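Model, not experiment: these values are computed from the prediction.
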Amino acid sequence: MTFLLGSGAGFSGDRTDAAIPVVRELIRRGQPAALIFETLGERTLAAAHRAMRDDPAAGYEPLLEELLTPVLDDCLKHGIAILGNFGAANPDGACRVVAELAARSERGGASIGRVHGDDIRARLGELDLQRWEAESRELPGEEALISANVYLGAAPLVEALEFGAEVVVSGRVADPALFLAPLVHHFGWAWNDWDRLAAGMMAGHLGECGAQVTGGYFADPGVKDVPGLATVGYPIIEVEEDGTLVVTKPAGTGGMVTARTVKEQLLYEVHDPANYLTPDVVVDLSSVRVEELGPDRVAVSGIRGKPAPQRLKTTVCYEGGWQGEAEISYAGPNALARAQLAAEVLRERLTFRAPPELRSRLDIVGHASVFDSDAGDLQRRLLTAAGGDYRLRLAAEHAERRWVERATQELLALYCAGPAGGGGVRRQFQRRVCTASYLVKRSDVEAFATLFDATLFETKMVNERRVAHAAR
């Protein structure tokens, strides 16, 4: 029987109502199904660890309650498993939130699976590490290390489902593994059935970014027009036991599923189409076929698989000092020339008001920013305009906060010490978390699942608070 994979989110900060029409469609279809929330990127994992450093109870997806509340009751009632990497840096905290939400549901509770093994910080110094691709950064010292998380595969997620988990919470797993796991569990695919595993991984790859495959990221007015983006439907992937799959979306939603939207997502972040590395299988897309079956229905076939790699990618987060931003606007006649003069004034001031270790960048948003260099070469080459509306942005980083504050204060001073007509200054500072990528041996990673016990977790949290209080 066809298994349905529904996407509820494609990144942290995604629309919190996106899963509602997906779940309605899954219920209407009445087939075995799972709902997937993919909310974790490398930047969001780093942010989660930073949040947990400031508050031990934080560190999971901040929108978790808003994402699950509209659909949890229906999923529990209709047997739709929920899997998500919304545990981020603190899967236990996410499990607690899910348990609280489930306790308020009609069911009055839920079986919650918790994936372990991605956090290898305590063992990092004893592992055989290799740099990932073009990684140039040295492994930080113990004093700067914040976290180290391995991209796990689908096996511990499957284990959680075999335990009877209705909601599975993980931290760092490979995004498409969230989609592969319920397929392996439902169909009983073997872990060396490379073609089926590859098809399942690509079903996940097509669904992991939410509306990207249904027209969201695809849209480019006049070039690639997409209807109804305000109500864009998130993808549903139909998968058969033999690994054939169809990409579609809920009826009545905006967006579109076409051969072009599917091809763009199929190749998204794929460096080598013949050797796309994932923890569970190396995917070969060199013979893939994409065929439109009808409106918003696209079949994908010809996916092949090879044995899984022997090493797994690991993201290491470490202290990176401080970073700050400051902005000021210039508008009206000769605005660009005034913004350019302000940038030159700041560059000159920073040469003698800041230490040489301070890194800074000046962008003129609306003129030259995204494609410019840190030195502002593009700004200088482009011609000025008679008028307009421009935003001068300064970004600065240093090991010490005081130098970042001083640099951004120089932009604030442009109110009166700079060109005419500047306004709307804002400044912000935050500790910087840097990331580096390494590869660890698969044999060195111990991944497994447990069923979450809210009572034990609450006891653990109380004891930790007592220890922390006693230490003050």
Side-chain angles (χ1 to χ4, degrees), residues 5-12 14 16 19 34-41 44-45 47-49 51-52 56-73 75-76 79-105 107 109-119 147 149-182 184-185 204 208 279 446-458 460-461:
L5 297 166
S7 169
F11 66 98
S12 179
D14 208 345
T16 55
L35 178 66
I36 313 300
F37 290 92
E38 197 293 286
T39 63
L40 194 58
T44 45
L45 181 59
H49 280 290
M52 192 173 177
Y60 53 84
E61 167 56 45
L63 292 175
L64 178 55
E65 187 168 351
E66 289 87 341
L67 288 167
L68 288 187
T69 297
V71 296
L72 182 59
D73 265 356
C75 287
L76 293 175
I80 299 171
I82 295 175
L83 297 90
N85 54 12
F86 34 58
N90 186 5
D92 281 334
C95 287
R96 177 180 55 81
V97 172
V98 175
E100 291 172 352
L101 292 176
R104 300 198 295 266
S105 69
R107 168 83 72 75
S111 178
I112 303 168
R114 199 278 207 205
V115 171
H116 305 257
D118 66 300
D119 186 348
S147 63
N149 295 83
V150 178
Y151 281 74
L152 300 180
L157 299 161
V158 175
E159 185 178 15
L161 293 171
E162 290 173 346
F163 288 159
E166 297 164 297
V167 181
V168 181
V169 177
S170 78
R172 180 73 279 174
V173 298
D175 302 343
L178 294 165
F179 294 76
L180 175 62
V184 172
H185 174 66
E208 71 183 71
E446 301 171 3
F448 62 96
T450 60
L451 289 180
F452 179 73
D453 188 323
T455 303
L456 290 177
F457 178 67
E458 292 299 337
K460 173 177 177 287
M461 290 297 291

What heavy-atom pair brings [X] and [Y] nearest, and what distance separates the two atoms?
X: Ser105; Y: Asp73; value: CB-OD1, 2.6 Å
X: Phe179; Y: Leu5; value: O-CD2, 3.6 Å
X: Ala88; Y: Glu61; value: CB-N, 4.5 Å
X: Pro156; Y: Ala449; value: O-CB, 3.2 Å
X: Ala34; Y: Leu83; value: CB-CD1, 4.1 Å
X: Ala154; Y: Leu180; value: CB-CD2, 4.0 Å

Please tell me if the side chains of [X] and [Y] come closer than 4.5 Å, counting only heavy atoms from C-beta onward.
X: Val71; Y: Phe37; value: yes
X: Asp92; Y: Phe452; value: yes
X: Leu67; Y: Thr39; value: yes
X: Leu101; Y: Leu64; value: no

Judged by atom type as modelled, is there a donor-acceptor pair below 3.5 Å linking the side chain of [X] to the main-chain atoms of [Y]?
X: Asp118; Y: Arg172; result: yes
X: Arg114; Y: Cys95; result: no
X: Asn90; Y: Ala58; result: yes
X: Glu159; Y: Leu161; result: no
X: Glu446; Y: Gly117; result: no

Point-to-point distance, once rounded to the nearest 0.5 Å, from [atom1] of [X] to [atom2] of [Y]:
X: Thr44; Y: Asn85; atom1: OG1; atom2: CG; answer: 8.0 Å
X: Glu166; Y: Leu76; atom1: CD; atom2: CG; answer: 5.5 Å
X: Ile82; Y: Ile112; atom1: CD1; atom2: CD1; answer: 10.0 Å

Open item on the list: side-chain contact (heavy atoms from CB on, under 4.5 Å), that's the test. Do Ser170 and Leu152 meet it? Break it down for me.
Closed with: CA-CA 9 Å; Ser170 78; Leu152 300 180; over 6 Å; no
- [ ] For salt bridge (charged side-chain N to carboxylate O under 4.0 Å, His left out), just list the numbers for Arg96 and Glu100, CA-CA rounded to whole Å, side-chain angles, deciding distance to a tenth of an Å, and then say yes or no.
- [x] CA-CA 6 Å; Arg96 177 180 55 81; Glu100 291 172 352; 3.2 Å; yes
- [ ] Evaluate the ring planes of His116 and Phe448, with Trp represented by its six-membered ring, and classify them as parallel (under 30°), tilted (30 to 60°) or perpendicular (over 60°).
- [x] parallel
